[in-house]
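Labels below follow one simple rule: chain letters A, B, ... track the order of the sequence lines, proteins then strands, and each chain is numbered from 1.
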Amino acid sequence: MHTRSAILLAIALALPGVPAVAQMSRAALVKQSDIIFIGTVTQVGAVAAPEVPASNRTVVVRVDQVLEKPAAVALATGDSVTVEAARPGSLKAGAQATFYTNGWIFGRGVAVREVGHELGHSPVAVADQEAAVSKARLDLNDADLKAHIDRAAMVVEGRVQQVRTAELAAAPGRPRRITEHDPQWQEAIIQVQDGIKGAQPGEQVVVRFPGSHDVAWVGTPKFAEGQEGTFLLHVDSTTGSPHTMIAGRSVLAYTALHKLDVLTTQDATRVKALIKKP
Amino acid sequence: MVLYCGMGIQLIVVAAVLCVACQGSQQQEPQPPAKLAGVRVVDLVPLSLSGETWQDAEPFLALYDSNPKLMAASAFTPNPGGSTSATAPIFVSNDGGDSWTLRNTLPSENMTADITHAVGANPPVLYAGILKVPGAPLNELKANDFLSPATMTLQSSRADIDQPFVRTAAVASADRVYVGLNDFDAPDGRTATVDVSLDGGATYRSRRIETRSTLGQNGPSIRPAVARDHTVYVAYFGWRSQAGSDVMSDVVVVRDDSGATGSAPFKDLVDPSDHLPGRLVATSVTIPWSNAPTLGQERIGSTLSIAVDARHSDTVYVAWADRVGTGDIYTVHLRRSGDRGATWTGDLRRVTNATNASLAVAPNGTVGLLYQQVTGSGDASRWATRLERSRDGFATHQDLVLADVPATTPAFQFLPYLGDYNGLLARGDVFLGIFSANNAPDSANFPQGVVYQRRVDFPTHRLLDGSGAAVAVSIDPFFFSVPVLP
């Protein structure tokens with residue numbers, strides 16, 4: 001039974017255009033890609049820019065429509081891109097497809113490595129494909145956030161009342177080090193307005209965060225007094241000192257080190273909806 | 001009327017004084033030097049990333065003697081794919097630095113914390129030491145072909161390390177790799193360490209080079225330099241005591257005469273004061289340790305560089321920065337030894353409010369000193385990137401301004417703003433180096449000229465993205481080549 005199901009699934013995955021499978025496959029493709037575009041193969045075994053090594057896996061693709069790309073990347077309709085195909089011979093000249101790719105070589109032009117592609121029946125309905133990729137990305141973002149919520153010990157909507165320097169107990173036998181990568185731990189005391197998960201309104205929780213501006217902590221959320229938001233909090237397993245003091249009591253300290261751990265107040269509605277999802 | 005006349009005279013006098021002051025000031029201002037033949041300055045950001053606005057700080061450069069076309073460079077440049085990317089990028093040139101591409105070949109999520117690298121004997125082998133994201137463990141890496149899209153191979157890894165600084169030496173049997181680093185797990189607070197590999201990075205052995213008591217650790221900068229006869233010098237900060245944010249430090253140089261192949265390496269240079277390995281080049285200097293914008297928008301506390309004359313290993317130079325205490329923020333010093341580190345000159349150069357000193361010695365003996373200096377104050381302050389070259393051991397020198405850019409823009413995104421170090425190397429009759437700076441495309445900012453790969457509009461001093469829309473000014477890495485003195 002399992003073998004038969006696996007064979008059917010494999011056949012379905014190999015057949016572009018089967019709606020349910022295409023949808024499932026598209027989500028996986030989108031998840032692994034940072035540059036997605038509709039394009040037409042113009043040359044096989046060739047490259048679009050001299051800095052890219054040609055091989056039997058490289059093809060030149062004319063970009064018909066960019067669906068997703070990082071803001072810094074210069075890529076537009078009409079550009080020629082070198083694509084290193086996932087499998088040699090899988091892309092023929094004249095084929096139009098949606099290409100799911102990652103950046104490979106950035107020079108005068110862009111070269112990408114294919115994660116996968118969806119062949120289209122030329123001309124591909126651009127609006128349909130754009131909407132499909134966009135929906136897949138939104139679903140993935142929701143799934144990522146849902147996973148973060150599930151991992152969080154506490155989810156609160158609240159306001160930062162105070163920021164103070166963290167007084168961490170030094171680990172035995174480990175003197176404090178002077179390094180430019182020192183996180184310079186700070187503590188934000190958050191007044192809970194809505195205990196979405198694991199907390200009660202009116203409660204105060206202590207969240208540790210790196211006050212350092214060092215490159216090792218770039219992108220890690222920082223807190224400021226008066227800041228309001230929706231916060232996904234994790235029991236502190238980073239500093240080596242899991243407890244802190246508040247109003248004379250020893251309490252667990254939390255962290256919020258991922259960018260998804262600090263959201264806006266408006267995001268509370270989305271978070272609550274995701275919590276209810278199975 | 002008299003009053004008006006009197007005021008008029010006063011105004012004339014004041015104006016005349018101001019005019020004289022103005023003229024005097026203009027005469028004292030360093031005039032933009034004429035462009036020097038053979039100088040190139042190239043912004044590394046490629047055309048296809050014209051929309052980037054990141055702070056590409058702390059640049060580094062690696063190049064081959066045997067193939068002048070191949071070079072690798074790095075900075076705190078993220079993978080353009082975004083924060084979820086599993087790899088970080090490195091810049092590559094295969095035309096001698098005229099053009100550069102970005103390739104995601106480092107096993108670090110999105111970008112690295114620290115990174116330095118050096119080449120193997122045979123192109124295109126490359127060795128790198130990175131602090132990997134996440135968690136910042138040391139990764140000692142190797143690529144047999146740094147032009148290939150393959151992720152660099154991990155050769156060794158451990159935690160609690162700071163500022164890996166890679167140098168290599170070519171031998172017949174296998175590359176030797178020397179990674180200076182600050183190892184917080186070293187015993188007795190003597191953290192200055194060199195990871196030595198004598199077999200092309202297959203195995204590393206950590207060699208402790210501090211022999212004196214410390215305040216609990218050494219400074220972050222541990223800098224090796226290798227001569228052709230396999231003499232290896234290493235400079236480091238011997239941190240002895242601390243008062244507030246100031247660290248009292250010795251500037252120390254150790255030496256090994258046989259490539260650190262012996263059982264007790266780096267003990268060939270002894271200080272006459274205590275007969276311990278490690279010559280004290282300077283003692284009890286004040287290192288202001290500030291992990292906040294302090295000099296311009298840059299942090300300070302670990303500027304150190306060493307260079308040996310590769311063909312005449314008796315000659316070695318050291319540069320470091322400390323606070324002299326005469327109103328300076330941070331002052332770069334340069335000293336020289338002509339007897340294998342046994343004795344040292346006093347300061348040959350002393351540059352106020354400067355950082356990121358990097359040294360190199362060319363085959364003909366020309367020594368280069370690269371540094372970045374804050375001039376002016378407030379909104380008028382600027383970062384000047386200068387290369388000084390001397391043919392006579394810095395009895396005299398020639399100064400070259402590579403960049404002179406606003407210091408207050410762009411606002412820092414993180415620290416370091418420009419880098420805790422930059423890079424200078426010598427090959428044949430040129431110095432080749434790299435620095436980071438404000439990338440506004442204004443010819444006045446680059447007295448020796450500049451070439452952008454990314455899209456710019458010089459007449460309007462604007463950066464442009466792929467669609468022609470304006471892009472905010474940011475920090476970019478700049479490669480340069482400058483002829484040595486004849």
Go through [options] and name the one with the most non-hydrogen pairs under 4.5 angstrom from chain B.
options                               : value
A/Pro70, A/Ala71, A/Gly219, A/Ala111  : A/Pro70
A/Gly107, A/Ala49, A/Ala74            : A/Gly107
A/Ile178, A/Asp182, A/Thr238, A/Leu75 : A/Ile178

Residue pairs meeting side-chain hydrogen bond (donor to acceptor under 3.5 Å, both in side chains), one or both in residues 85-98 of chain B, sequence neighbours left out, come to B/Arg40-B/Asp98, B/Asn79-B/Thr87, B/Ser93-B/Asp95, B/Asp95-B/Ser99
Rounded to the nearest 0.5 Å, what's the gap from [atom1] on [X] to [atom2] on [Y]? Could you check?
X        : Y        : atom1 : atom2 : value
A/Lys31  : B/Thr84  : NZ    : OG1   : 8.5 Å
A/Ile105 : B/Asn104 : CD1   : CG    : 10.0 Å
B/Phe414 : A/Thr220 : CZ    : OG1   : 12.5 Å

Stepwise salt bridge (Lys or Arg N to Asp or Glu O under 4.0 Å) test for B/Arg299 and A/Asp214
CA-CA 10 Å; B/Arg299 68 184 178 193; A/Asp214 179 71; 2.6 Å; yes
Ranked by heavy-atom pairs below 4.5 Å to chain A, first place among B/Asp162, B/Val247, B/Val45, B/Asn182 goes to B/Asp162
Most heavy-atom pairs under 4.5 Å with chain A, out of B/Ala136, B/Pro149, B/Pro134, belong to B/Pro149
Where do B/Thr101 and A/Arg108 land on the side chain to side chain contact (heavy atoms under 4.5 Å, CB included) test, with the steps shown first? CA-CA 8 Å; B/Thr101 61; A/Arg108 274 174 280 182; over 6 Å; no
Between B/Pro80 and A/Val73, the two heavy atoms sitting closest are CB-CG2, 4.1 Å
Quick one: what part of [X] sits under 4.5 Å from any heavy atom of chain A, side chain, backbone, both or neither?
X        : value
B/Leu147 : neither
B/Phe412 : side chain
B/Pro220 : side chain
B/Ser83  : side chain
B/Asp420 : side chain

Engaged part of [X] at the chain B interface, taking heavy atoms whose separation is under 4.5 Å:
X        : result
A/Lys69  : neither
A/Ser212 : side chain
A/Ile35  : neither

Practice task
For the pair A/Glu180 (side chain) and B/Asn291 (backbone), establish whether a donor and an acceptor sit closer than 3.5 Å, ignoring hydrogens and angles.
Solution key: no
| field | Heavy-atom donor-acceptor pair, B/Arg103 side chain to A/Phe106 backbone, under 3.5 Å | value | no
Contact list (residues 46-58 of chain B to chain A, heavy-atom gap under 4.5 Å, by number) returns B/Pro46, B/Leu47, B/Ser48, B/Leu49, B/Ser50, B/Gly51, B/Glu52, B/Trp54
Those residues of residues 239-246 of chain B that come under 4.5 Å of chain A on a heavy-atom basis, listed by number, are B/Trp239, B/Gln242
For residues 25-66 of chain A, the ring-ring contact (aromatic ring centres under 6.0 Å, His included) pairs (sequence neighbours left out) are A/Phe37-A/Phe99
Exercise. After noting the C-alpha distance and the side-chain angles of B/Asp114 and A/His181, does the key distance pass the side-chain hydrogen bond (donor to acceptor under 3.5 Å, both in side chains) rule?
Worked result: CA-CA 10 Å; B/Asp114 292 348; A/His181 302 306; 3.1 Å; yes
